[in-house]
Amino acid sequence: MATILIVDDEPTVRALIRDTLELEEHVVAEAVDGPSALAALADGELPDCVVLDIMMPGISGLDVLTQIRATEATKRLPVILLTALADDATTWAGWSAGANVFLPKPFDPGALLDWIDRVLEGGGEMEPTL
Amino acid sequence: MQVQEGLYQHRPRWLSVGFVVATAVAAGIGAVTLLLLWQASVPVPVALVPVPPPWLLLLFFAVATLSEIVYVPIRHSGSWEELTFLEAVVVAAVLVLPPVPAITVVLLGSGIAAILLRRDLVKWLFNFGTYAASSAGLMLVYYAVAGESGGIDAYSIRTVMALLLGAVVFTSVNLLLLSLVLLAAEDVPPRELIGEQWVLSLGVAVGSVGIAVVALAVGQNTPALVPFTLMPIVAMWYAYRASASHANARERSRWLVVLGQAVSTPGSAETLVPRAAEALCNAYGAQEYQVRLADGRRFGDEGGWVPPVMGSREAVDLHGADLPAGWAAGIAVRLEDHSGTGVLAIGARESKDWAARLPWSSSWELAETNRAGLVALTSALGSALRAGQTLTALTAETAKLQAVVDHATDGICVVDAHGEVLLWSPAAERITGVGATTPLPDIVQEIVAVPADPDGHSLRFTRGDGQDVWLQVTRVDVWGARATSVLTIRDMTRERRAERLKSDFIATISHELRTPITPIRGYAELLQRRWDRMSEEKRLTMLATIEERAEHLTRLVDDLLMAARADSEATMSVDNQPMDLVSAVADAATAFPEVEGRLLLQPSEPLWVLGDRTRVMQIVGNLVGNAVKYTPAQAPIHVTYAPTDAEVEVRVTDEGAGIAADEQEKVFEKFYRIEDPLTMRTGGSGLGLHISRQLARAMGGDVTLASRPGQGSTFALRLRRAEEDTWPPS
């Protein structure tokens with residue numbers, strides 16, 4: 001059981017991820033955009049993993065990730081990037097920003113769970129996959 | 001031939017030829033009257049023949065007439081002065097005859113000569129007045145100075161002085177009136193004429209006295225020797241001829257300068273030929289010209305002239321049938337221009353003046369040197385014509401190239417080997433927003449520094465009006481007499497923007513399609529794998545989400561298809577019927593229950609418009625949906641109506657961020673999104689407004705936008721009014 005922060009502006013996608021994770025007994029926290037995600041990370045206890053969407057209003061997921069990596073406390077926090085933009089440029093930008101996993105939408109909930117397990121076991125080490 | 005060169009510069013405005021002639025006549029009548037009064041009241045010197053016999057009077061009359069007929073013409077600009085021997089006759093008459101017969105024979109003789117020479121009335125009047133004034137003046141001075149002591153029998157110093165003074169008065173009056181008439185007619189400055197003529201005039205005065213006095217003295221003693229005393233008249237005649245030839249040479253130089261100026265400027269035949277031919281005529285004392293160019297154009301007064309075939313390069317005398325009608329003499333030379341060999345002829349008219357046909361008066365002809373000059377000058381005229389024709393052709397050619405440069409859509413720039421900008425076309429200026437001014441603006445420097453590359457070179461810069469502009473600059477080096485480079489500057493901004501729109505569209509559409517698919521696929525898999533671990537309620541929620549997302553996806557695909565159709569068909573198919581706009585708007589508003597209370601519909605009577613009700617609801621739904629998306633929570637959205645006689649507008653006004661002026665038309669472009677797709681706040685395909693406008697236009701209306709940044713936006717759907725639909729009856 002782990003604590004996972006979901007960051008996505010689309011309510012149905014947040015609901016899907018929450019349902020998927022809660023069925024596996026994970027504890028889920030939600031943020032609807034970049035600023036509230038960063039605020040949550042700064043305030044409370046750190047989650048074990050963040051599932052982060054890229055295309056969001058205001059600050060994009062890539063910018064959020066860059067800030068996460070730039071902050072000492074969250075530097076090694078595992079981050080799974082979810083995106084509907086799976087072109088080469090975005091993928092490369094994702095890896096460059098320091099994503100542990102890059103998962104294109106639509107995704108298989110089972111695959112998401114597998115990746116969460118793997119990044120948790122890996123102790124948060126970054127692992128270029130795909 | 002009178003040639004007027006520009007405006008008169010020396011002549012006072014009031015001085016006309018008529019005025020001078022009137023003055024001369026008045027002076028003549030005055031002087032003669034004075035003479036008649038004088039000789040009646042004061043004793044005058046005794047004449048040689050106090051009671052002259054008729055034969056003597058006839059002799060003097062004949063000599064006076066003859067002295068006027070054998071004149072020597074001297075040219076002053078376009079007018080001719082005639083030098084005669086009348087003065088000597090007057091001196092002789094005053095010595096031999098009493099005053100009244102003397103003045104009578106002189107004036108009668110000159111008058112008859114003028115009639116024989118068919119002088120114009122004006123010229124006759126002027127001559128008559130001048131001779132009357134000068135002759136009477138001579139006599140008055142002579143009688144006054146000589147007194148009673150004078151007379152042919154007792155020559156004294158006083159008598160001779162009296163005669164000389166009288167002659168000087170004769171000459172002075174003549175010269176004064178002549179200078180006045182030339183000033184009035186030809187604008188010849190009096191100072192110039194008097195300066196040239198006074199020595200000659202004085203010589204003539206003294207000579208006339210000498211001849212007359214000596215001839216009479218000799219005649220009294222030895223009449224047989226009188227003819228020998230007249231020999232000085234021959235000398236005087238030659239002096240006149242020399243003076244005339246001097247004046248002619250001066251006139252010729254003046255007209256050759258005019259000709260030189262004419263042929264040194266290339267021009268059309270219409271401007272060049274008349275000027276040059278007229279100057280040639282004046283330079284060579286001819287009166288008429290005829291020009292035939294090889295292309296058939298003709299210049300000169302006589303239209304019917306058929307020129308002879310000009311085989312020779314020399315000047316050819318015209319005789320008989322080759323002479324233009326009315327010409328007495330003429331000479332023709334070849335005139336070559338680009339169209340071939342033509343002919344230029346100059347010559348003199350047949351004279352009405354019978355004196356011109358006397359054996360000693362030569363008709364118009366050219367000396368050998370002048371003939372060579374005429375050939376050379378005509379050749380120069382040909383060169384000027386050819387230069388003019390070349391220039392015309394060149395100008396036409398240049399105009400074509402200029403039109404290409406001026407109207408090409410791409411900018412054109414030509415630089416020399418030193419990087420100096422030789423040409424910067426209007427399109428180049430329009431695209432870059434700058435001219436090739438000194439110092440060269442940065443962007444021009446950047447453009448001219450672009451290396452030669454067949455694929456061109458991309459440049460991006462911010463224009464003066466704040467627009468980001470993409471340029472494609474292609475340089476071609478031209479190695480000719482002078483190394484230059486031609487650069488074409490193409491504005492690629494539109495293409496770049498289209499590319500960006502396309503990639504934004506792919507990002508947007510990818511996001512818009514994948515986002516609803518994500519829960520559909522995710523929940524479907526989750527339901528399959530974990531069906532038994534979920535509550536019934538959870539399953540139903542998931543299935544409802546799948547259904548709702550699938551519907552959303554369907555709508556999106558419909559929009560895409562409609563946009564594609566809008567592009568491929570000229571007009572979208574709409575079913576225009578009279579419909580009530582107010583009720584359609586109310587129905588469309590029910591699709592937004594979440595903003596109930598914020599969405600303020602203006603109450604209105606039914607407004608009948610021509611439209612497709614379903615499409616109208618779609619458009620209003622889109623406009624209200626946009627307003628909801630872009631308006632801060634709680635801010636009201638107003639829907640109002642603005643009916644006119646012909647149309648009705650429904651306006652949706654929000655209190656959102658507003659849209660910048662340069663974006664206001666772009667929002668109607670397909671797939672256009674104001675926001676960056678990565679961070680855009682709102683969903684949407686970028687098709688809504690595009691489709692709305694296409695639909696509205698298909699219904700005969702339009703969708704327009706009025707907005708100011710920071711003050712919200714108003715989107716208006718305008719539709720044509722329709723008669724109220726009375727069927728079915730309510």
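Everything numeric in this text was worked out from a predicted model, so none of it was measured.
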Practice item. May I have the step-by-step check of side-chain contact (heavy atoms from CB on, under 4.5 Å) for B:H511 and A:E10, ending in yes or no? Key: CA-CA 11 Å; B:H511 180 261; A:E10 183 59 41; over 6 Å; no
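For A:P106 against B:I517, the heavy-atom pair with the smallest separation is CG-CG2, 3.4 Å. Nearest heavy atoms, A:A84 versus B:S510: O-OG, 2.7 Å. Counting all heavy atoms, side chain and backbone alike, B:Y523 lies closest to A:L16 at OH-N, 3.1 Å.
With a 4.5 Å cut-off on non-hydrogen atoms, B:T545 touches chain A through its side chain but not through its backbone. Of the two parts of A:D8, neither the backbone nor the side chain holds a non-hydrogen atom closer than 4.5 Å to a non-hydrogen atom of chain B.
Note that CD of B:E525 and CZ of A:F107 are 9.5 Å apart. Values are rounded to the nearest 0.5 Å. With rounding to the nearest 0.5 Å, the separation of CE in B:M542 from OG1 in A:T12 is 12.5 Å.
Of all residues spanning residues 527-534 of chain B, those with a heavy atom less than 4.5 Å away from chain A's heavy atoms are B:R529, B:R530, B:R533, B:M534, arranged by number.
With sequence neighbours excluded, the residues forming a side chain to side chain contact (heavy atoms under 4.5 Å, CB included) with B:D491 are B:I431, B:V469, B:T493, listed by chain and number.
With chain A as the partner, the residue from B:T515, B:L513, B:T541 showing the most heavy-atom pairs under 4.5 Å is B:T515.
Within a 6.0 Å sphere centred on CZ of B:R708, other residues, nucleotides and ligands contribute 12 heavy atoms or fewer. The environment of B:Q634 atom CD is sparse: at most 12 non-hydrogen atoms of other residues, nucleotides or ligands sit within 6.0 angstrom.
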